[in-house]
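One structure is given below, encoded as structure tokens.
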Amino acid sequence: MDRRDFLAAGAQGAAAFGILRYATACAPRTRAGSPAPAAAADAAAPAGFPALRDRYFLQVLQFNPVISTYLGGDGYSPALADVNGRLRDYTAAGLERERAFYRDVQAELERVPRAEGGSAAAIDQAVLAAQVRFLLHELDELRLHERAVDTYVAEPFRGVDWQIQQMEDAGNGLLGTEGEWDLVVRRVAAVPAYLAAARANLLAGKQRGNLPDRRLVQLDGIEGSDANAEYFRTTLPKTAAGYLGARPFAAATLERLRTAGEAAARAWSDFSRFLGQTYDLHETVDRFPAGEREYEWRVRNNLHVQRSAAELWEYGAAQVALYEGKIYAVAEEIARGANLTVPFGTAAEQRAGVRAVMAHLGKDAPKNDEELFRWYRETAARLVQYGRDQGLFDVPADYKLDIVPTPPVLQSTIDAAYYPAPPFKKTGVGRFYLSPTHDDPAVLAQNPRASVADLCAHEGFPGHDWHFKYMTQHAREISNIRWLTPGSVEDSSSMWEDSMAAEGWGLYAEELMAQPVAGRPYGVYSAAEYLYMLQGQLMRAVRVRVDVGIHTGRMTFDQAVDYFTEHFSFYPNACAQAASDPAAKAICDAARRAIYRYSKWPTQAITYNLGKNEIVQLREAYRREQGATYSQKEFHERLMRQGTIPAGYFREAFLRA
């Protein structure tokens with residue numbers, strides 16, 4: 001659920017925190033009760049498996065309090081009522097408890113009889129097995145806790161932010177009960193001990209030679225820790241004061257929060273200094289590549305994709321060429337319609353032509369924030385009505401896609417993103433956040449009118465907002481483990497299994513709205529909007545090529561940056577010209593930020609394109625199976641009820657049912 005790089009360069013803080021999440025990790029939702037194991041799955045499950053699955057799920061949330069907060073675990077089980085007051089136990093004893101539990105689950109799963117092939121229970125068994133393999137692999141083989149700097153920096157902030165987001169509405173702009181704020185204070189107070197365990201793990205990793213990349217240390221580690229110090233010392237108490245108001249418990253709670261926040265801030269400042277003293281920030285060794293063997297293991301186990309790195313490498317190039325060709329064609333059409341004298345003969349002319357057309361479209365930018373928000377809201381309403389008119393979904397009459405200003409604490413790190421409501425509880429609302437520009441002309445210029453529809457389709461309707469709303473309404477048909485984000489929600493410790501489903505759907509939603517219908521060759525989009533949609537598709541295709549390249553040794557970091565500037569920004573050798581060309585410098589800087597993100601999260605970048613194309617392939621196979629009875633609406637609804645797992649798990653069962 002990321003903001004398009006071609007709309008805005010993004011703040012350095014986004015790299016430091018990595019807090020964009022559909023992360024990932026998506027609408028104001030009507031709850032249908034807490035998700036529970038699907039009845040159909042349990043009916044077909046072998047004896048003992050439902051109990052094993054549920055015990056595993058509950059314990060994973062006990063071990064990972066921030067994942068529990070993200071999912072609203074305290075609404076799932078009373079056993080998780082106090083988890084929001086904790087952080088993960090990264091001490092040696094805590095990690096050993098995790099290992100022992102996962103080994104026990106793995107052994108018990110091997111003893112459980114296999115469920116009938118194609119049943120929901122069989123799918124759940126495969127999902128659980130993959131998750132446990134990943135968690136043990138990360139703990140025992142990768143020992144990622146010895147170098148996952150970004151995990152340590154992101155988790156406490158995310159945990160507190162999500163707690164506040166899902167608090168009970170107390171009216172008149174106030175949020176949270178006394179008990180909810182008590183848990184926030186307790187979580188903040190846990191930060192110093194959490195960071196002490198992190199330091200011990202990182203020192204053990206250094207002694208072992210298990211080191212983080214220098215970029216991760218500087219950007220996520222040092223800069224992120226400094227930002228955390230400011231947040232916990234200043235921003236959090238100020239934000240809390242507004243939400244607490246003058247209620248009877250407010251003064252005492254705020255005082256406790258200020259005390260805990262100050263202690264946390266000092267711990268973050270100490271952690272920042274520790275990182276700078278522990279690691280060599282000037283070394284030239286690239287420590288981010290996963291390696292071909294590890295990369296292929298992740299693709300098979302985590303994403304359930306049976307392709308080699310070599311196959312993905314070539315596939316990425318083919319996808320890039322496909323979308324480049326489509327972009328050149330529509331850009332030339334727009335140029336003719338606008339009477340732009342732009343040639344499209346040679347490859348160099350095509351790239352320059354796209355830049356010229358984008359520059360032309362960029363002139364139609366909002367004059368102020370009021371107009372920016374009006375464009376987004378009007379476009380969102382247009383997309384929803386189009387979905388109704390075309391029968392793509394059964395959209396309730398009262399469905400509304402709300403677009404709200406990003407809370408001040410997040411405005412420095414995102415321009416637009418979707419934050420889902422916790423699926424397991426009734427408080428909290430999913431938000432499509434759009435950051436105000438404060439009427440800054442330069443930032444407003446990064447939001448041309450033609451770019452709005454594609455972003456609304458991905459983050460809003462029929463993308464993340466609609467997707468998560470529908471899943472939550474049908475929560476009791478989705479088993480609990482299909483909601484998990486094993487390892488972490490969104491950082492280098494993440495499995496990214498859920499990203500194949502959620503981000504794949506978001507990208508699918510963009511392209512779905514471009515299906516041609518009578519009188520509308522680009523579906524809901526104008527030609528200009530369609531161009532931006534294609535560039536969104538191209539970016540995700542470029543990610544496949546780059547992610548495989550940098551993690552399997554087929555590309556260096558700098559080669560990946562150059563590939564990105566040429567094939568996404570249409571500006572070859574931008575970095576070589578950065579010293580003398582401000583436009584080239586901006587493009588080069590944006591590319592470096594993008595490649596840095598991909599470097600720290602192997603396989604995440606490929607989930608968008610692979611996930612989308614899995615959905616497209618499943619849809620076309622389903623269409624052939626159904627023949628004259630095929631319904632696109634019915635396909636979409638069945639698909640969304642599978643939960644946030646890759647389509648590879650359920651493709652055969654989906655087609656047979």
Side-chain angles (χ1 to χ4, degrees), residues 4-10 12 15 213-215 219 284-286 288-289 313-332 334-335 340-362 442 445-446 448 451 531-532 534-600 605-606 609:
R4 301 291 181 273
D5 292 352
F6 59 89
L7 296 183
Q12 187 62 61
D213 188 75
R214 64 189 180 280
R215 303 169 185 87
L219 299 177
T284 58
V285 177
D286 286 337
F288 60 80
W313 172 252
E314 296 303 328
Y315 165 80
Q319 287 285 289
V320 169
L322 170 67
Y323 285 106
E324 280 182 331
K326 291 183 176 183
I327 284 174
Y328 296 148
V330 74
E332 188 171 8
I334 294 169
L340 299 177
T341 55
V342 179
F344 278 83
T346 66
E349 288 173 342
Q350 288 172 331
R351 289 188 167 87
V354 171
R355 296 204 307 273
V357 169
M358 288 288 191
H360 168 73
L361 296 176
Q446 296 170 349
S451 71
L531 177 63
Y532 276 90
L534 288 175
Q535 197 178 30
Q537 299 289 328
L538 175 62
M539 177 171 67
R540 279 39 171 264
V542 166
R543 286 177 177 179
V544 177
R545 183 77 167 180
V546 164
D547 195 63
V548 175
I550 61 175
H551 285 292
T552 66
R554 290 171 168 85
M555 278 183 177
T556 65
F557 190 98
D558 289 341
Q559 286 170 340
V561 170
D562 288 341
Y563 186 89
F564 193 92
T565 65
E566 178 176 356
H567 292 281
F568 171 65
S569 304
F570 300 101
Y571 201 128
N573 302 313
C575 293
Q577 304 172 58
S580 58
D581 183 345
K585 183 179 186 305
I587 288 170
C588 179
D589 289 346
R592 288 192 180 281
R593 285 191 294 272
I595 303 307
Y596 168 64
R597 169 185 162 175
Y598 312 152
S599 75
K600 60 181 178 173
I606 68 176
N609 177 278

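What you see below is based on every heavy atom in this structure, not just the backbone, and it leaves out hydrogens, waters and symmetry mates.
Scanning all heavy atoms of the two residues, the minimum distance from Ile550 to Ile595 falls at CD1-O, 4.3 Å. Annotation for His551 and Pro289: closest pair ND1-CA, 3.7 Å, computed over non-hydrogen atoms. Across all their heavy atoms, Arg554 and Gln559 have their closest contact at O-OE1, 4.2 Å. When all heavy atoms of Ala560 and Met555 are compared, the pair lying nearest together is CA-SD, 3.8 Å. Minimum interatomic distance between Ala331 and Val354 (heavy atoms only, all atoms of both residues): CB-CG2, 4.1 Å. The shortest non-hydrogen separation linking Thr565 to Ala591 is CG2-CB, 3.6 Å.
With values rounded to the nearest 0.5 angstrom, Ser599 atom OG is found 9.5 Å from Asp547 atom CG. With values rounded to the nearest 0.5 angstrom, Tyr328 atom OH is found 5.5 Å from Gln350 atom CD. Here the straight-line distance linking atom CG of Leu534 with atom CE of Met539 works out to 13.0 Å at 0.5 Å rounding.
Under the 4.5 Å side-chain criterion, counting only non-hydrogen atoms from C-beta, Val561 is in contact with Cys575. In this structure, the side chains of Phe570 and Leu538 come closer than 4.5 Å at one or more pairs of heavy atoms. You'll find the side chain of Lys600 stays beyond 4.5 Å of the side chain of Arg215, heavy atoms only. Val357 has its side chain out of reach of Glu332: every pair of non-hydrogen atoms, C-beta onward, lies at least 4.5 Å apart. No side-chain heavy atom of Val342 sits under 4.5 Å from any side-chain heavy atom of Glu349. Between Leu531 and Met358, some side-chain heavy-atom pair lies under the 4.5 Å cut-off.
Using bins of under 30°, 30° to 60° and over 60° for the plane-to-plane angle, the ring pair Phe557/Phe288 lands in the perpendicular bin.
With hydrogens and angles disregarded, a donor-acceptor distance shorter than 3.5 Å links the side chain of Gln535 to the backbone of Phe568.
Between Asp589 and Lys585 there is a salt bridge, with a side-chain nitrogen of the basic residue lying less than 4.0 Å from a carboxylate oxygen of the acidic one.
Every residue was checked against the ring-ring contact (aromatic ring centres under 6.0 Å, His included) condition with Tyr315, not counting sequence neighbours, and none meets it. Applying the side chain to side chain contact (heavy atoms under 4.5 Å, CB included) criterion to Ala584, with sequence neighbours excluded, gives Tyr571, Ala574, Gln577, Asp581.
Checked options Gln319, Arg545, Arg540; the residue passing with Asn609 is Gln319 (criterion: side chain to side chain donor-acceptor pair (under 3.5 Å)).
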